[in-house]
Amino acid sequence: MSSLFLLLFLTPASMLEFRYHTNQEMEQYLLQVNASNPDITHLYSIGQSVLGRELWVLALSVRPRSHTVSIPEFKYVANMHGNEVVGRELMLQLVDDLVRGYRNNESWSTQLLNSSRIHILPTMNPDGFDVADTHCQFSQGRWNHNSVDLNRNFPDAFIGLRKQQQLNEDKREAEVRAVMDWLKTESFVLSANLHGGALVANYPYDNSNGGSELMGGASVTPDNDVFVHLAKVYSHNHASMHQGNVCQDSRPFLDGITNGYQWYPLPGGMQDYNYIWAQCLELTLEVSCCKFPPADQLPVLWTDNRKSLLAFMKQVHLGVKGRVFDGSGVPVQNAVVEVKGRRNLCPFRTDRHGEYYRLLLPGNYSFTVTYPGHEVLTATLNVPYGPDQFSAMKHDFLLQRIATTTDKTPMNATPTCNHTLQQVGGATVGPTWSGSAVGLSLVAMLRTLMD
Ligand SMILES: *[C@@H]1O[C@H](CO)[C@@H](O)[C@H](O)[C@H]1NC(C)=O
Ligand SMILES: *[C@@H]1O[C@H](CO)[C@@H](O)[C@H](O)[C@H]1NC(C)=O
Ligand SMILES: *[C@@H]1O[C@H](CO)[C@@H](O)[C@H](O)[C@H]1NC(C)=O
Ligand SMILES: *[C@@H]1O[C@H](CO)[C@@H](O)[C@H](O)[C@H]1NC(C)=O
Ligand SMILES: *[C@@H]1O[C@H](CO)[C@@H](O)[C@H](O)[C@H]1NC(C)=O
Ligand SMILES: [Zn+2]
């Protein structure tokens, strides 16, 4: 009797098996989860792979179907290299875990789903997965069906304008285009991209053009303190990643983290694109020494990574969030919200809901908000540690219309940043650049390009 009870206890009917799921099985699983949990899940496709497979994303939240003001959007992307398969199964286990936790009213799940919207793309490269070799280090299946490495196929801010024009938009692979379009439909705040073949949390930049971002062999972002913190949250919550020397034939990583460029320079990567162009802070997580380990290692790999995956998602609540309202009290899109001392290559802007999210470690920060026809607004905010409360600090900015009669707004009031502005870093981004001169300097950068 007691052994029967134990058996039932250990293998509840809903438990997802630890094994590799084919693309079709994965799709069936996601459809089933979506169908049986309409209150907290929303399954959608962001496009198709080269061979026409749907790129399914499962969104989990108490309001899963659309964005809610003040609820940050988070994402995990796995298996962009088709033969790096552990992340893909971790994502299915994570879905299973979150749904079950929510159904059991466990606070770690209910609080996450109540306070954020989590999007999971278990495979970005289903075609590569289908032809993947099970070798630990080999590359068979890494690329998409057109033999392109998807983590080298994004627009790269550090590649010169001329070279960038040669790599015209048509050269973007279907899977990359799908992710780029996805980034336009949701304002993601925090993200991670799961890989295998090493055990390290890797943070931007992955590339550099030798400009002022290059410091001591690393390509350093203006948000380096936040990135190092985020990477440590993953590595220190992981069973062994923080040791930094677990995999054979790998260089040791202090604290189990590394700047991407310092490890090896990489053009066209997804994490730099997310950060520079979509103001989404993304890490590249290498979650297993072996790219395609035997299936019987999956339970241990899940146990090793579970706490990290959950802790990392909570970090979406770092810093400050809020809306920017114009002189008549309407939330405005494209207001520039800058933090002094953080000269982002593309200034962070409010989205179509008039919202901004700014991940910051606890401390005092000086904010500057710029919007055409309105006075520049500055404020110093004392930012607490949000993850413990499952909410970033809330702060709205109420702008005042410029009293003068002219409608003309100086060009530097709203610096632009788009794909025609590629030559960043380098001499135009000097270390003496002051936070308040960001707009002017972007104009200067644009001018440099036209010379
Ligand atoms: C997900 O489930 C909902 C509710 O049952 C359903 O309306 C929707 O069509 C499902 N989505 C997919 C992609 O099957
Ligand atoms: C869920 O748990 C919370 C405490 O964490 C409790 O207040 C609430 O009543 C529980 N809800 C249900 C339906 O059990
Ligand atoms: C859900 O979030 C709201 C704020 O968005 C909060 O007031 C409420 O207490 C939260 N409920 C749970 C169960 O965490
Ligand atoms: C931030 O400013 C407040 C006063 O507004 C001060 O009490 C506090 O010590 C400051 N914190 C830091 C980390 O500088
Ligand atoms: C990019 O910026 C330039 C210069 O501000 C502008 O002329 C162009 O229309 C912008 N393109 C897009 C796609 O936003
Ligand atoms: Zn990889």
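Each ligand, and each atom within it, is numbered from 1 in the order the structure gives. Heads up: numbering here begins at 1 and tracks the sequence. Keep in mind that the numbers below use all heavy atoms, side chains included, and drop hydrogens, waters and symmetry copies.
Ring planes of W277 and Y273: tilted class, angle from 30 to 60°. Aromatic ring pairs are classed by plane angle as parallel below 30°, tilted from 30° to 60° and perpendicular above 60°; the pair H242 and H236 is parallel.
Between N105 and ligand 2, at least one pair of N/O atoms sits closer than 3.5 Å. Taking only nitrogen or oxygen atoms, main chain and side chain alike, N382 does not reach within less than 3.5 Å of ligand 4.
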Any protein N or O within less than 3.5 Å of an N or O in ligand 1? List each pair with its distance, or say none.
| unit_1 | atom_1 | unit_2 | atom_2 | d |
| --- | --- | --- | --- | --- |
| ligand 1 | 2 (O) | N34 | OD1 | 3.4 |
| ligand 1 | 2 (O) | N34 | ND2 | 2.4 |
| ligand 1 | 11 (N) | N34 | ND2 | 2.9 |

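For residues 376-388, every residue pair satisfying the side-chain hydrogen bond (donor to acceptor under 3.5 Å, both in side chains) rule, not counting sequence neighbours, is listed here: Q315-Y385. Sorted by first then second residue, the salt bridge (charged side-chain N to carboxylate O under 4.0 Å, His left out) pairs that include residues 72-83, not counting sequence neighbours, are E73-R117, K75-E282.
Salt bridge R343/E338: absent, no basic N to carboxylate O contact under 4.0 Å.
Applying the disulfide bond (SG atoms under 2.5 Å apart) rule to C280 yields no partners; only residues at least two apart in sequence or on another chain are considered.
Side-chain contact of E106 with W108: a donor-acceptor pair under 3.5 Å is present, judged by distance alone.
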